[in-house]
Undergrad: 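Questions regarding the structure given below will be posed in turn.
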Protein chains: 2
Amino acid sequence: MASIHEVAKQAGVSVATVSKVINNYSDVSSKTRNKVNKAIELLNYQPNVVARSLVKKRSWTVGMFLLDFFTNPFISELLDGLRKSLEDSSYDLLFLSPNLSNPDYTFTKHCISRNVDGVVMFGVDRTNQNFLDLLQAEMPTMMIDIDLLGPRTGYVTADNRRGAYLGVQHLVELGHKRIAFISGDLGCLVGQTRFSGYQEGLRSNELPYYDQYVEVEEYSIEGGYKAMKRLLQLSEAPSGVICSSDYMATGAIEAIREIGMRVPDHISVVGFDNTFYAELSMPKLTTINQNITLMGMKAGEHLIRMIENPDYSPPTEIVPANLVVRDSTGQYKE
Amino acid sequence: MASIHEVAKQAGVSVATVSKVINNYSDVSSKTRNKVNKAIELLNYQPNVVARSLVKKRSWTVGMFLLDFFTNPFISELLDGLRKSLEDSSYDLLFLSPNLSNPDYTFTKHCISRNVDGVVMFGVDRTNQNFLDLLQAEMPTMMIDIDLLGPRTGYVTADNRRGAYLGVQHLVELGHKRIAFISGDLGCLVGQTRFSGYQEGLRSNELPYYDQYVEVEEYSIEGGYKAMKRLLQLSEAPSGVICSSDYMATGAIEAIREIGMRVPDHISVVGFDNTFYAELSMPKLTTINQNITLMGMKAGEHLIRMIENPDYSPPTEIVPANLVVRDSTGQYKE
DNA sequence: TTGTAAGCGTTATCAC
DNA sequence: GTGATAACGCTTACAA
């Protein structure tokens with residue numbers, strides 16, 4: 001590929017002038033500009049981003065560490081949103097492969113050596129040393145669902161409190177009174193806020209809170225299945241249950257079916273996330289929509305703002321959640 | 001972050017020597033090596049990949065253009081495989097954001113300006129100009145499901161012929177005789193080979209081929225639904241149907257249910273792909289396993305081989321397919 | 001075994 | 001308006 005030197009030679013000007021044309025400087029005559037543009041066209045020239053990065057100390061690249069799988073629906077939706085925002089700003093997205101065999105490896109070093117302009121992070125707990133390093137290095141970072149703030153660190157999360165609240169409200173309106181909650185890890189932001197939303201929902205409907213109606217499990221089909229199994233053994237089993245992910249809801253439904261009951265005829269199940277999978281499941285899941293794609297977009301937008309404007313103070317964005325009613329919930333029948 | 005100069009100063013040697021230590025040259029005394037390593041440790045130094053790229057003309061980066069969504073299960077599984085192979089070789093994966101607003105934009109230019117070492121491509125048809133440019137530019141490229149070969153271009157695909165064949169065989173063994181095929185675009189490699197596998201399956205079981213048992217549609221739920229609708233209107237509707245994706249199978253099942261029939265009691269449905277979704281669907285799908293993750297891994301492995309060894313001739317890798325029997329197919333009953 | 005210096009393709013400063 | 005030239009952080013002849 002032609003370099004700036006060849007363009008300069010072809011156009012009969014200096015490299016400095018070519019650079020000015022490329023970067024739209026005003027102090028270049030339209031005559032020279034034309035000559036240069038013609039040469040660029042002719043040589044099919046494209047500036048070398050690597051060389052540019054070296055001098056500008058910017059790479060127009062956002063980094064990401066994927067500690068989970070692309071097949072995780074939450075992640076793939078998030079990425080679709082993130083990608084959208086990056087495309088709009090012409091940033092490329094770099095998936096950094098962690099070199100775990102090297103004991104000295106750190107995320108921060110990797111980011112710096114790659115010269116990424118910013119990072120999007122999620123799926124690790126907030127005490128992870130890699131996060132704290134990044135925060136300290138003042139690398140522009142947007143966290144997803146991790147309430148960590150720093151001079152160059154912001155986060156986006158969903159309105160999980162309200163989401164859970166809406167789930168309870170929905171079940172109450174359908175006549176349910178024994179409403180259980182299958183939670184993920186209560187130590188994390190997401191777990192905590194959903195739990196408090198659940199409690200608030202009960203309270204505002206003057207329903208009593210029972211410890212045995214709360215089960216903590218992994219955010220998986222298996223987790224939902226195990227939790228529901230336990231709930232079904234209660235002397236007074238719940239007639240409605242809020243799960244903390246769509247996968248959990250699927251597991252719960254499986255457990256319910258296994259003992260010969262039907263969803264939603266005997267028990268109503270509410271999912272969480274509204275991943276694309278909620279609509280493919282049978283029955284289609286009533287679920288709390290987190291707007292995951294929007295979360296990803298917002299993360300990207302804020303990150304780019306932070307990168308391009310050092311004065312932009314790291315935001316806390318809480319994306320609204322709403323309830324999507326489908327077929328896994330129904331009227332309470334005794 | 002410290003540069004190589006600061007390390008050199010700290011260690012009391014020249015930058016050339018530091019470079020030699022970093023790159024494991026043998027002609028450096030262990031004494032100097034120690035000094036340098038100590039300085040590296042002390043300053044928490046990490047070589048700048050950007051600067052290195054500039055001189056080496058290599059970036060340890062593989063590029064990708066995503067023309068579809070991360071939420072597409074086929075794609076996310078492919079990416080999980082690709083990522084695995086890149087991690088093993090410490091390459092990072094760059095998602096290139098196509099700048100469609102710029103009329104001069106081309107994939108090739110983007111790759112070159114970013115100095116990516118190679119590219120993985122899929123999801124576009126083989127006449128796409130971007131592909132041909134890349135091929136001509138002799139950029140190491142692995143195609144997925146696109147049979148395009150060049151001096152630096154290879155591809156990986158699944159054994160779709162055998163896959164479709166196995167699907168027919170399975171239905172025949174269950175006693176089915178009226179077996180339909182819901183195909184994707186017959187102009188593409190994948191569509192063609194599956195179709196020929198279907199025909200071969202019929203032939204080797206001495207079953208007649210009927211044009212009206214073949215429907216062409218998009219690889220979506222909607223597509224499967226529409227195709228199945230048409231098949232159900234036939235005077236002699238099929239008792240078994242091979243779909244060209246798991247999503248199509250879901251759509252077909254929906255259409256079957258809609259007229260009050262059940263899967264697999266009345267009609268057996270075979271999916272294609274064996275994405276993670278096949279197991280979540282109800283009923284769980286009998287499907288042809290493409291080993292998508294393996295395809296992704298193989299693409300990555302071959303690409304890296306091509307990059308690191310100019311003599312490695314671009315491969316054609318056909319990943320074996322097999323049948324996974326679950327609950328959407330059953331014995332034929334009149 | 002070590003160091004000097006040119007060069008990778010840009011941008012930016014400062015003369016002209 | 002335009003052009004030399006140093007600099008970005010590294011690798012690599014080649015000289016010492």
Side-chain angles (χ1 to χ4, degrees), chain A residues 1-40 43-61 90 92 109-117 308, chain B residues 1-40 43-61 109-117 308:
Chain A
M1 181 95 164
S3 80
I4 198 171
H5 287 96
E6 302 172 61
V7 175
K9 182 182 280 180
Q10 173 71 34
V13 299
S14 75
V15 294
T17 303
V18 176
S19 175
K20 282 172 189 162
V21 171
I22 295 167
N23 295 288
N24 274 314
Y25 279 55
S26 53
D27 62 342
V28 39
S29 73
S30 61
K31 204 168 129 198
T32 340
R33 190 178 295 278
N34 276 330
K35 274 196 301 189
V36 172
N37 279 327
K38 219 160 271 167
I40 288 176
L43 298 173
N44 202 21
Y45 167 77
Q46 186 77 3
N48 181 324
V49 177
V50 174
R52 182 179 281 172
S53 292
L54 188 58
V55 19
K56 301 273 281 185
K57 292 170 180 303
R58 293 256 279 102
S59 61
W60 295 271
T61 301
S90 295
D92 291 330
K109 280 192 195 169
H110 197 164
C111 288
I112 292 177
S113 89
R114 276 289 185 179
N115 203 8
V116 302
D117 298 332
E308 302 194 337
Chain B
M1 182 93 163
S3 81
I4 197 172
H5 287 96
E6 304 173 58
V7 174
K9 183 182 280 180
Q10 173 71 34
V13 300
S14 75
V15 295
T17 303
V18 176
S19 175
K20 281 174 189 162
V21 171
I22 295 168
N23 295 290
N24 275 314
Y25 278 56
S26 53
D27 62 343
V28 39
S29 72
S30 62
K31 205 167 126 198
T32 332
R33 189 178 295 278
N34 276 330
K35 274 196 301 186
V36 172
N37 279 327
K38 220 161 271 168
I40 288 176
L43 298 173
N44 201 21
Y45 168 76
Q46 187 76 5
N48 181 324
V49 177
V50 173
R52 182 180 280 172
S53 292
L54 189 57
V55 20
K56 299 273 281 187
K57 291 170 182 305
R58 293 256 279 104
S59 62
W60 296 271
T61 300
K109 281 192 195 170
H110 197 165
C111 288
I112 292 177
S113 88
R114 277 289 185 178
N115 204 9
V116 303
D117 298 332
E308 302 194 337

Undergrad: When rounded to the nearest 0.5 angstrom, what distance separates CD1 in B:Ile22 from CD1 in B:Ile4?
TA: 4.0 Å
Undergrad: So which heavy atom on A:Ser113 is nearest to which on B:Pro47, and how close?
TA: CB-O, 3.1 Å
Undergrad: With sequence neighbours left out, write down each residue that passes side chain to side chain donor-acceptor pair (under 3.5 Å) with B:Glu6, or none if nothing qualifies.
TA: none
Undergrad: Quick check on contacts: within residues 43-54 of chain A, what sits under 4.0 Å from DNA chain D by heavy-atom distance?
TA: A:Leu54
Undergrad: How bent is the helix from C:dT1-D:dA16 to C:dC16-D:dG1, measuring the angle between the end axes built from five pairs each, rounded to 10°?
TA: 40°
Undergrad: Do B:Trp60 and A:Arg114 have side-chain heavy atoms sitting under 4.5 Å apart?
TA: yes
Undergrad: Please name all residues satisfying side-chain contact (heavy atoms from CB on, under 4.5 Å) with A:Asn44, sequence neighbours left out, ordered by chain then number.
TA: B:Lys109
Undergrad: Does A:Val116 reach the side chain of A:His110, with side-chain heavy atoms less than 4.5 Å apart?
TA: no
Undergrad: Quick one: side-chain contact (heavy atoms from CB on, under 4.5 Å) partners of B:Ile112, sequence neighbours excluded?
TA: A:Met1, B:Thr108, B:Met139
Undergrad: What range of DNA chain D does chain B touch, first nucleotide to last, counting atoms under 4.0 Å from its heavy atoms?
TA: D:dG9 to D:dT12
Undergrad: Would you jot down, in residue-number order, the residues of residues 19-37 of chain A having a non-hydrogen atom under 4.0 Å from DNA chain C?
TA: A:Ser19, A:Asn23, A:Tyr25
Undergrad: Could you measure the distance from the CD1 atom of B:Ile40 to the NZ atom of B:Lys35? Nearest 0.5 Å is fine.
TA: 13.0 Å
Undergrad: Hey, is the main chain of A:Ser59 close enough, under 3.5 Å, to the side chain of A:Asn115 for a donor-acceptor pair?
TA: no
Undergrad: So how far is it from A:Tyr25 OH to A:Lys20 NZ, rounded to the nearest 0.5 Å?
TA: 8.0 Å
Undergrad: For the CD atom of A:Glu308 and the CG atom of A:Asp117, what is their distance to the nearest 0.5 Å?
TA: 8.5 Å
Undergrad: What pairs with A:Ser29 under side chain to side chain donor-acceptor pair (under 3.5 Å), at least two apart in sequence or on another chain?
TA: A:Thr32
Undergrad: Could you measure the distance from the SG atom of A:Cys111 to the CD atom of B:Gln46? Nearest 0.5 Å is fine.
TA: 10.5 Å
Undergrad: Please list, in numerical order, the residues of residues 4-14 of chain B that have a heavy atom closer than 4.0 Å to any atom of DNA chain C.
TA: B:Val13, B:Ser14
Undergrad: Mind listing the side-chain donor-acceptor pairs of residues 7-14 of chain A below 3.5 Å, one per line with the distance, residues two or more places apart or on another chain?
TA:
residue: A:Ser14; atom: OG; partner: A:Ala16; partner atom: N; Å: 3.4
residue: A:Ser14; atom: OG; partner: A:Thr17; partner atom: N; Å: 3.3
residue: A:Ser14; atom: OG; partner: A:Thr17; partner atom: OG1; Å: 3.2

Undergrad: Give the first and the last nucleotide of DNA chain C, reading 5' to 3', that has any atom under 4.0 Å from a heavy atom of chain A.
TA: C:dG9 to C:dA12
Undergrad: Under 3.5 Å, side chain of B:Ser53 to main-chain N/O of B:Arg58, donor-acceptor pair present?
TA: yes
Undergrad: Within a strict 4.5 Å, meaning less than it, do heavy atoms of the A:Arg52 and A:Asn23 side chains meet?
TA: yes
Undergrad: Side chain to side chain donor-acceptor pair (under 3.5 Å) with B:Asn37: which residues, sequence neighbours excluded?
TA: none
